[in-house]
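One structure is given below, encoded as structure tokens.
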Amino acid sequence: MPATAAPKGIPFGAAIQSEHFEDTSYRDLFARECDLVLPMNELKFALVQPERGQFDFSRADRLLDFCRDNGKTARGTTFVWYSTNPAWVEAIEDPVELERALVDHIERVADHCKGRLTSWDVVNEVIAHEPEENGGPLRDTFWLRRLGPRHIPIAFVAASRADPKAKMVLNEYDLEFRGPRFDQRRAIALSIVRQLQDAGIRIDAAGLQAHLYAHQEIDVEALARFGADLKALGVGILTTELDVIDFQVPGGPEEIDRAAAKVVGDYLDGLLGGQRPETVITWGLTDRYNWVEDVMPRGDGQPCRPLPFDADLRPKAWYGDLRRRLAQG
Ligand code: 9MR
């Protein structure tokens with residue numbers, strides 16, 4: 001490519017699930033639409049190392065082979081999370097042994113995936129859900145109880161040693177909306193970044209999950225400021241799990257999609273207003289398979305509509321808008 005070539009737009013990606021991989025129309029949609037495809041669950045602790053020392057990369061490799069064969073980049077999620085841990089890890093009480101198990105896991109998994117992932121969610125959802133009520137900035141997890149706050153630097157150091165070329169990401173939800181709770185969560189994210197940097201530990205980006213509640217207001221200015229504050233620290237930003245949660249939106253598909261377009265549009269205003277994001281990733285691609293239906297279904301019995309394509313693989317208008325804005329980036 002000549003050095004003067006105009007930069008391509010901001011890459012678009014989506015999370016794929018191995019359990020639906022046999023659905024060829026689903027698989028083809030990822031091949032057609034995405035620059036980046038990531039395994040939604042297949043690199044989580046319990047799926048990769050269900051028993052101590054027994055690693056199973058078969059599901060993840062199948063998806064990463066799909067990426068390679070279709071010219072897609074990929075990213076990894078996640079090393080430290082409060083959920084989807086195998087029983088054997090949670091049974092370790094001795095902090096020295098637990099630290100060894102965590103570092104060993106990170107080294108083995110990062111090494112296995114080396115060269116195939118552009119970034120890793122090193123820690124996921126470590127910020128307290130309600131910081132004020134929690135009485136501290138970090139979520140009360142078994143990692144925190146057993147290892148203390150140092151489980152965060154431990155994970156970042158191990159991951160960046162194991163895969164020096166992959167970007168190291170702090171991934172978090174509920175950073176997008178207006179209100180004191182969200183202000184607090186954004187401030188905590190920035191303080192984790194600064195603490196890592198003060199300790200000389202590499203952190204490359206913050207991941208905004210962007211599970212967007214259509215009935216909640218995006219704080220466009222605060223979001224842009226958050227992105228700018230990260231930029232001032234030399235830290236990037238990316239959107240890791242975008243979808244729309246519509247259980248409080250009255251009406252039919254048209255009203256739901258209009259509310260989705262509004263919340264996604266506002267989100268993009270805030271995101272793009274701060275710094276150029278590295279990528280925007282949705283948490284799935286079609287409403288045919290989505291986690292929102294399982295966890296936050298609509299009260300009126302209609303299926304929810306969280307993703308860029310409906311269950312029949314027809315694109316929503318907001319997806320076209322999203323792609324146009326990324327193409328300009
Ligand atoms: O969508 C994921 C679902 O299939 C899994 O069963 C679940 C537990 O591993 O995780 C879901 O993904 C979550 C993501 O990893 C972190 N942010 C919230 C996502 C939705 O719950």
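Just so you know, ligand 1 is whichever comes first in the structure, and atom 1 is the first atom listed for that ligand.
- Checked for salt-bridge contact, R68 and D61 miss the test: no charged N lies under 4.0 Å from a carboxylate O.
- Checked by atom type, the side-chain pair Y267/T239 shows a donor-acceptor distance below 3.5 Å.
- The proximity of T78 to ligand 1, defined as any non-hydrogen pair under 4.0 Å, does not occur for either the backbone or the side chain.
- Looking at atom 5 (C) of ligand 1, its nearest protein heavy atom turns out to be N41 OD1, 3.3 Å.
- Residue E241 approaches ligand 1 through these ligand atoms, each under 4.0 Å from one of its heavy atoms: 14 (C), 16 (C), 17 (N), 18 (C), 19 (C).
- Ranking the protein heavy atoms by distance from atom 8 (C) of ligand 1 puts T84 OG1, 3.4 Å first.
- Under the 3.5 Å distance criterion, with hydrogens and angles disregarded, a donor-acceptor pair is assigned to the side chains of E125 and W81.
- Atoms of ligand 1 found under 4.0 Å from any heavy atom of H211 (numbered from 1 in listed order, with element): 17 (N), 18 (C), 19 (C).
- Within the 4.0 Å heavy-atom criterion, neither part of T77 lies near ligand 1.
- In the model, T78 has no side-chain atom that pairs as donor or acceptor with a side-chain atom of D121 under 3.5 Å.
- Counting heavy atoms only, K44 comes closest to atom 15 (O) of ligand 1 of the residues K44, E172, M40.
- With Y26 as the aromatic partner, R288 does not meet the cation-pi criteria of under 6.0 angstrom to the ring centre and within 45 degrees of the ring axis.
- In this structure, R185 forms a cation-pi arrangement with Y173, its terminal cationic atom sitting closer than 6.0 Å to the ring centre and no more than 45° off the ring axis.
- Set against the non-hydrogen atoms of N124, the atoms of ligand 1 under 4.0 Å away are 16 (C).
- Ligand-side atoms of ligand 1 in range of E125: 16 (C), 17 (N), 18 (C), range being under 4.0 angstrom from any heavy atom.
- Using bins of under 30°, 30° to 60° and over 60° for the plane-to-plane angle, the ring pair F57/H112 lands in the parallel bin.
- Ring-centre distance between F21 and F30: not below the 6.0 Å cut-off.
- Residue-level proximity to ligand 1 for W283 is carried by the side chain, the only part with a heavy atom below 4.0 angstrom.
- For ligand 1, the atoms lying closer than 4.0 Å to a non-hydrogen atom of W291 are 1 (O), 20 (C), 21 (O).
- Contact atoms of ligand 1 toward Q209: 16 (C), 17 (N), 18 (C) (distance under 4.0 Å to a heavy atom of the residue).
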